[in-house]
Amino acid sequence: MHLQTLAVHSGVDKDTAYNSVITPIYQTSTFRFEDIGKTKGYDYTRTANPTRKALEENIAALEGGTAAKATATGMAAVMTALHFLKSGDHIVCTNDCYGGTERLLRTYTELFNFQVTYVNMTDLDAVRSAIRPNTKGVWIETPSNPLLSIIDIKALTEIAHSTNALSFVDNTFLSPYYQRPFELGADVIIHSTTKYLNGHSDVVGGAIVVNKPELVDRVQTLVNALGVGASPFDCWLVLRGIKTLIPRMKMHEENAGAVAKFLSQHKNVKKVFYPGLPSHPGHELAKRQQRGFGGMVSFEIKGELKEANSVIRSTKIFALAESLGGIESLICHPQTMTHASMFPELREKAGINERIIRLSVGIEDVNDLIEDLDQALELIHS
Ligand SMILES: *Cc1c(COP(=O)(O)O)cnc(C)c1O
């Protein structure tokens, strides 16, 4: 079946109690046993819950994985994935990864003696020379946040496998509609479902997807042991959101493309970061590796922090907020917001300076979005 059909139906229409068309919310912590040792498949919601199961089947189907686990947040999924590794293991990580991922890796370096090397993953030789005998994980995020660099999942996965390391792909920015990491060799996919999968800015959630039989039991055991499973109600909302994933993604992309084009022609904009622009260094790779370019656009303003602040304060439709991937447009200043927790030296090295502004382009009418940005950019010098 095609992705849009899977999005609408996978895991959903399974209610044998009353034949409800939509998955019920099993808002219960526990389940009655039919007899000693005999259940209907569920005993306790931390371990498993039918509403969560429906969402997990849906996400697994969209990514083409064997199993998925829905977690309370995206970071809970990141944390669970890191538990595939053990104390003393070495991880090669993209140098402009999500700020929270960098913070957790730093914590695990202190707590569990993880070793982490951050590299610019657009440079495959740099990745190869970062590999050590104890490298057990390669952490990939593409397009990256906030600069939308594109890294080659297939090439990186081959490097990971040549040294018996797992390749992890955080697929939050594109969703399974625009990028299918398992088809490129990835071992583990991570999502913050808070973003495009739910798409309506009313849930925090995450997912971890695997496609290797030996990882299926492991991920189930970890989610149960760590207690990071998502609540039934949140799962129900995400499942509801996913049904419109594809039409939303198409509109996000159409709007983002028009916004990127507008910005790249504006006199007060120094540089636009959007993989759909032919001038983007990752454009050709993005065309090959992705089905589309997504809804995130970043740009560097001409001037300094003062000018960036002026634009951020002046938009009326774009709301100043963290997060992304919802139907409404958001504007953010990565240096002081999403990437504030990042080690400053690493942030500088990754090119995240004070003049960078990140947009999550929503599905409003694009003419209104462009007009909003235009008036904010015009105010810079007044
Ligand atoms: C938001 C985000 C996360 C973390 O997800 P939460 O739901 O906020 O915990 C991880 N990776 C990426 C790329 C994100 O955008």
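Indexing begins at 1, ligand by ligand and atom by atom, following the structure's order.
The closest protein non-hydrogen atom to atom 5 (O) of ligand 1 is Ser192 OG, 3.0 Å. If you check which protein heavy atom lies closest to atom 9 (O) of ligand 1, you get Met75 N, 2.8 Å. The single protein non-hydrogen atom nearest to atom 15 (O) of ligand 1 is Lys195 NZ, 2.8 Å, given as residue, atom name and distance.
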Residues 158-166 side chain polar contacts: donor-acceptor under 3.5 Å, at least two apart:
residue, atom, partner, partner atom, Å
His161, NE2, Asp187, OD1, 3.2
His161, NE2, Asp187, OD2, 2.8
Ser162, OG, Ile159, O, 2.7

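Against a heavy-atom cut-off of under 4.0 Å, Gly205 is close to the following atoms of ligand 1: 7 (O). Near Glu141, with a cut-off below 4.0 Å to any heavy atom, the atoms of ligand 1 are 13 (C).
Polar contact with ligand 1: present for Gly74 (N/O pair, distance under 3.5 Å). For ligand 1, the polar-atom distance check finds an N/O of Thr194 within less than 3.5 Å of one of the ligand's N/O atoms. Where the criterion is an N or O separation shorter than 3.5 Å, residue side chain and backbone included, Val204 fails it with respect to ligand 1.
Distances from atom 3 (C) of ligand 1 to the heavy atoms of Tyr196, Phe173, Tyr98 show the closest one on Tyr98.
By the criterion of a heavy-atom distance under 4.0 Å, the side chain of Asp170, and not its backbone, is placed next to ligand 1.
Arg46 CZ to Arg52 CZ: the interatomic distance, rounded to the nearest 0.5 Å, is 10.0 Å. In this structure, CG on Leu346 lies 7.5 Å from CD1 on Ile352, to the nearest 0.5 angstrom.
Salt bridge absent: Lys349 and Glu345 never bring a charged side-chain N and a carboxylate O closer than 4.0 Å. Contact check on Glu253 versus Lys250 returns no salt bridge, with no Lys/Arg side-chain nitrogen under 4.0 Å from an Asp/Glu carboxylate oxygen. Using a 4.0 Å cut-off between a side-chain N of Lys or Arg and a carboxylate O of Asp or Glu, Lys267 and Glu378 qualify as a salt bridge.
Only one option out of His280, His252, His283 pairs with Phe293 in a ring pair (Phe, Tyr, Trp, His ring centres under 6.0 Å); it is His283.
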